[in-house]
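Everything on this sheet refers to the single structure shown next.
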Amino acid sequence: MRGKNILIGVTGGIAAYKVVEVASRLKKSGANVKVMMTRHATEFVSPRTFHEITGNAVSVEMFGDAANFNVAHIALANFADLILIAPATANFLAKMAHGIADDLLTTTILAFDKEILIAPAMNTKMYENPATQANLEILKARGVKILEPASGNLACGTVGKGRLPEPKEICAEVEKFFADKILSGKKLLVTAGGTVEAIDPVRYIGNRSSGRMGYEIARSAGKAGAQVVLISGKSEVEPPSGLEEFIKIESAIKMREEVLKHFDSVDAVVMSAAVADYRIKNPAAQKIKKSAETLTLELVKNPDILKELGGLKENQILVGFAAETQNILEYANKKLVEKNLDFIVANDVTIEGAGFGVPTNIATIIWRNGDIETFDKMSKAALAEKIVERVADLLNKDKKFFPLTVNH
Ligand code: C5P
């Protein structure tokens with residue numbers, strides 16, 4: 001744990017006293033530990049205790065000394081490789097789930113885009129309350145790791161689920177986060193968003209891709225320890241932090257150029273970009289003026305980037321997407337074969353909650369041996385994790401290739 005930067009957020013529950021031992025153990029294991037506390041947490045444990053244990057100043061107030069103002073929440077967010085919230089109260093979970101930032105801790109969380117580990121601890125009824133459970137679901141869907149509370153005697157005199165796990169177990173979870181990850185040492189190329197094909201300097205032909213799915217895959221692969229190159233067309237979302245390279249392109253031709261530049265150096269390619277099948281044959285150099293009643297645009301076929309990679313591939317894993325409006329499995333299987341993919345993620349973009357512009361997806365994965373995996377509606381972040389796990393499985397074991405046939 002030497003050199004790892006861990007920020008512990010302590011919220012106002014009686015279990016705060018146990019977190020003194022968590023901080024102490026992490027410090028002893030070589031980590032740099034800083035603590036932030038909510039005001040209520042200081043009713044249970046003094047900031048001085050954490051200060052002495054960690055050797056670092058403890059942050060509580062959002063607005064401290066104006067003369068030395070250093071935007072504490074950004075500094076703390078930048079410091080940490082991991083934020084651990086323990087104990088996490090029901091109130092804190094509700095605030096985090098809804099993006100409320102009304103103190104130093106919740107504001108820091110909003111400014112932090114790496115791994116967050118949360119250990120809730122509260123009375124059983126509060127824990128089981130549908131409001132708390134719904135908030136936990138929101139956080140899980142966002143990729144936050146939740147450490148299940150233990151069952152046993154609670155401070156309020158009842159027995160049930162809601163105890164903070166023992167400090168040793170919490171520290172083991174933290175160490176697990178820093179341990180070798182499923183994609184450590186691997187390099188992934190992810191494409192995302194929609195390509196844009198110029199008609200003239202002002203207009204273009206585009207598509208409805210938001211870029212969300214690919215950006216989540218890039219984020220998830222990064223969390224799994226991979227170096228990630230993200231090549232993106234038009235997108236509505238912010239790229240994840242920590243990428244090896246982020247390359248913005250417009251046209252399919254440009255995307256092909258960048259993909260080919262990187263192909264030799266990567267272990268896997270996940271091609272989730274919505275690449276235009278056609279481009280304008282002769283884009284106008286000047287803005288086309290309105291005159292005739294009809295205007296004809298001549299289109300020519302774009303290169304199929306993934307198909308080209310399928311022909312070039314040596315050991316790389318290739319993953320494609322098939323966004324369809326009908327005959328999903330048939331079309332997807334055809335693409336799997338024609339593009340020589342390891343698996344393809346198919347979805348029916350006409351179904352509500354799947355496909356373009358929404359944060360969820362309903363996908364089916366088709367494998368080379370004909371196996372089919374279907375997934376219920378889930379967040380794109382959760383689906384990204386499934387895809388990344390499967391890529392890691394393929395990269396970490398001897399690959400078996402199956403003869404392919406197009407099923408009609
Ligand atoms: O053939 P179709 O466009 O439906 O195939 C979809 C898959 O192929 C996606 O993974 C997409 O990123 C990729 N693709 C490509 N180059 C194209 C068109 C699609 O790489 N010109």
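In listed order, ligands and their atoms are each counted from 1.
Under the 4.0 angstrom criterion for non-hydrogen atoms, Ala252 is not in contact with ligand 1. For Glu338, the closest heavy-atom approach to ligand 1 does not fall below 4.0 Å. Contact between Ala274 and ligand 1 is absent, with no heavy atom of the residue lying under 4.0 Å from the ligand.
Of all protein heavy atoms, the one lying nearest to atom 1 (O) of ligand 1 is Lys339 NZ, 2.8 Å. In terms of protein heavy atoms, atom 10 (O) of ligand 1 is closest to Met271 O, 2.6 Å. In terms of protein heavy atoms, atom 20 (O) of ligand 1 is closest to Leu306 N, 2.8 Å. Nearest to atom 3 (O) of ligand 1 among the protein's heavy atoms is Asp277 OD1, 3.7 Å. Nearest non-hydrogen protein atom to atom 16 (N) of ligand 1 is Ile305 N, 3.0 Å. Nearest protein heavy-atom neighbour of atom 4 (O) of ligand 1: Lys335 NZ, 2.3 Å. Looking at atom 7 (C) of ligand 1, its nearest protein heavy atom turns out to be Phe321 O, 3.1 Å.
Ring-plane geometry between Phe246 and Tyr215 is classed as perpendicular, the angle between the planes exceeding 60 degrees on a 0 to 90 degree scale with a lower cut at 30.
Atoms of ligand 1 found under 4.0 Å from any heavy atom of Gly320, numbered from 1 in the order shown, are 10 (O). For ligand 1, the atoms lying closer than 4.0 Å to a non-hydrogen atom of Ala273 are 11 (C), 12 (O).
For Pro87 against Ala121, the heavy-atom pair with the smallest separation is CB-CB, 3.9 Å. Taking all atoms of both residues into account, the shortest heavy-atom contact from Met255 to Ser232 is CE-C, 4.4 Å.
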How far apart are the C-alpha atoms of Glu137 and Lys140, what are their side-chain angles, what is the distance that settles it, and do they pass the side-chain contact (heavy atoms from CB on, under 4.5 Å) test? CA-CA 5 Å; Glu137 285 311 312; Lys140 278 185 208 162; 3.6 Å; yes

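Considering both main-chain and side-chain atoms, Pro303 comes within under 3.5 Å of ligand 1 through a nitrogen or oxygen pair.
No hydrogens or angles considered: a donor-acceptor pair under 3.5 Å links the side chains of Asp103 and Thr106.
Judged purely by atom type and a 3.5 angstrom limit, Glu115 has no side-chain atom pairing as donor or acceptor with the backbone of Lys223.
The shortest distance between side-chain heavy atoms of Ile280 and Tyr204 does not fall below 4.5 Å. Glu216 places none of its side-chain heavy atoms less than 4.5 Å from the side chain of Leu383.
Cation-pi geometry between Lys181 and Phe177 is met: under 6.0 angstrom from the ring centre, within 45 degrees of the axis.
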